[in-house]
Amino acid sequence: MFIYKKLIDNMKIGYPCINKSIGCTSNSTFRLKSYSESLMIEKIQNNLNCLKKILEFNLSNGILFFRISSDIIPFASHPICTFDWKNYFSNELKQIGEFIKQNNMRISMHPDQFVILNAKNQEIIDKSIKELMYHCELLDTMELDETAKVQIHVGAEYGDKKNSIIRFIQNYQMLPPIIKKRLVIENDDIKYSLKDCIKINLETGVPILFDVFHHNCLNNNETIKEAIELCIKTWVKKDGLLMVDYSQQSPDGKKGKHIESINQLDFEKFLIETRGLDFDIMLEIKDKEKSALQALKIKNKINLYQ
DNA sequence: AGTTGTCAAGCTAGT
DNA sequence: ACTAGCTTGACAACT
């Protein structure tokens with residue numbers, strides 16, 4: 001019993017990108033047409049100020065896991081951006097990183113669907129690598145260790161999963177170390193299941209971030225517990241704990257649509273089912289920190305009564 | 001001030 | 001061949 005308590009207490013719970021209660025956004029951007037260096041500076045400054053506020057809010061509420069928005073540096077990987085944001089904001093980024101480390105917080109990032117490492121078109125691969133470089137350089141400039149991860153999906157299928165997986169593996173192997181040390185892949189809900197991700201892991205060693213909701217949509221009959229056990233094996237010590245994305249089906253939406261607010265009973269069941277396994281949870285639920293706070297309460301309740 | 005069309009990027013399924 | 005949806009907010013142009 002003591003061991004269970006210790007393990008579940010290690011668990012960090014968080015939410016992605018947006019805080020709905022403090023009245024600022026850390027993903028303010030602009031139209032490409034209105035690009036200028038001064039606008040760039042203004043937006044980044046605004047985004048970093050807000051990120052600090054969000055992290056402070058999180059800390060005072062016990063939320064120790066957060067996904068930083070890819071928009072925090074707008075157009076960072078676009079050819080139009082020649083602005084040296086790393087250098088210009090290095091002190092500020094370092095400071096935020098220091099705050100994160102001092103308070104034992106965890107960070108992830110999630111570039112969007114345009115990052116296709118297994119694309120057939122070399123230009124798309126090149127752009128994808130640029131985008132990954134931006135994410136990794138941001139985390140490096142913040143001086144965060146390798147437990148801060150950048151998660152992507154395996155990518156496209158082009159009606160030929162076997163060769164698309166082979167292309168992923170080949171392209172992964174050519175990535176620079178700065179990306180490799182942070183990149184993790186996530187099982188998706190339509191194409192690449194956990195089983196597919198494991199195939200890739202065996203060839204590359206890339207850790208697998210487990211998405212509970214996606215697994216419920218697409219799986220090979222592994223239970224959630226079995227699946228998490230499999231994923232944990234793909235993370236080594238320097239990677240930190242397994243990251244798990246958690247969401248639930250929206251009752252009024254199409255299959256795959258995320259729920260508006262957490263179903264507390266289902267979440268409690270999930271925690272009990274996986275009790276004893278060590279991981280951090282990112283709640284991909286639309287009301288953001290509100291559900292994260294509820295999840296935290298449920299976690300604490302389970303700790304109390306076990 | 002409020003409303004609404006549109007936004008860097010790609011793939012996929014559906015028309 | 002073409003477009004909406006992904007997932008969604010928020011910019012920016014228009015009333």
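Labels below follow one simple rule: chain letters A, B, ... track the order of the sequence lines, proteins then strands, and each chain is numbered from 1. Every value quoted in this text rests on a predicted model; they were computed, and no experiment measured them. FYI, side chains are in, hydrogens and waters are out, and symmetry mates aren't considered; it's all heavy atoms of this structure.
Put simply, A:S28 has a side-chain N or O that comes within less than 4.0 Å of OP1 or OP2 on C:dC11. Note on A:K286: every side-chain N or O is 4.0 Å or more away from OP1 and OP2 of C:dT7.
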Whether each nucleotide of nucleotides 9-15 of chain B has a protein heavy atom under 4.0 Å at its base (B), only at its sugar-phosphate (S) or at neither (-) is summarised, 5' to 3', as BBSSS--

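The separation between A:F30 atom CZ and B:dA8 atom P is 10 Å, rounded to whole Å. Rounded to a whole Å, the CD atom of A:E42 is 11 Å from the P atom of C:dC11. Atom C1' of nucleotide C:dT8 and atom CD of A:E284 are separated by 13 Å, given to the nearest angstrom. Atom CZ in A:R67 sits about 11 Å away from atom C1' in C:dT7, given to the nearest Å. Atom pair A:N47:CG and C:dG9:P shows a separation of 16 Å (rounding to whole Å applied). Look at CZ on A:F75: it is 12 Å from P on C:dC11, rounded to the nearest Å. The distance between atom CD of A:E186 and atom C1' of C:dC6, rounded to the nearest whole Å, is 13 Å. Rounded to a whole Å, the CD1 atom of A:I18 is 11 Å from the P atom of C:dC11.
The 12-atom threshold is not exceeded at NZ of A:K195, counting heavy atoms of other residues, nucleotides or ligands nearer than 6.0 Å.
Exactly one of A:F213, A:F210, A:F267, A:F279 qualifies for a ring-ring contact (aromatic ring centres under 6.0 Å, His included) with A:Y246. That residue is A:F267.
C:dC14 and B:dA8 have their P atoms separated by 16 Å, with the value rounded to a whole Å. When the P atom is compared between B:dT6 and C:dG5, the two are found 14 Å apart, to the nearest whole Å. A distance of about 13 Å separates the P atoms of C:dA4 and B:dG5, rounded to the whole Å. Between C:dT8 and B:dA1, the two P atoms lie 31 Å apart (nearest whole Å). Of the P atoms belonging to C:dG9 and B:dG10, the separation is 23 Å, rounded to the nearest Å.
Between A:R167 and A:D160 there is no salt bridge, since none of the side-chain N atoms of the basic residue sits less than 4.0 Å from a carboxylate O of the acidic one. Between A:R67 and A:E284, at least one side-chain nitrogen of the basic residue sits less than 4.0 Å from a carboxylate oxygen of the acidic one, meeting the salt-bridge criterion. With respect to the salt-bridge test (charged N to carboxylate O, under 4.0 angstrom), the residues A:D145 and A:K101 do not qualify. A salt bridge does not link A:K181 with A:E146: none of the charged nitrogens is closer than 4.0 Å to a carboxylate oxygen.
Where DNA chain C pairs in unbroken runs of 3 or more (Watson-Crick or G-U, both distances under 3.5 Å), the stems are B:1-7 with C:9-15, B:10-15 with C:1-6.
By the 30° and 60° cut-offs, the orientation of the rings of A:F75 relative to A:Y35 is perpendicular. Between A:H214 and A:H153, the angle of the ring planes lies from 30° to 60°, which puts this pair in the tilted group.
The backbone N or O of A:M105 sits nowhere less than 3.5 Å from a side-chain atom of A:N103 that would complete a donor-acceptor pair.
When only modelled atom types and interatomic distance are considered, A:S261 and A:D287 share a side-chain donor-acceptor pair under 3.5 Å.
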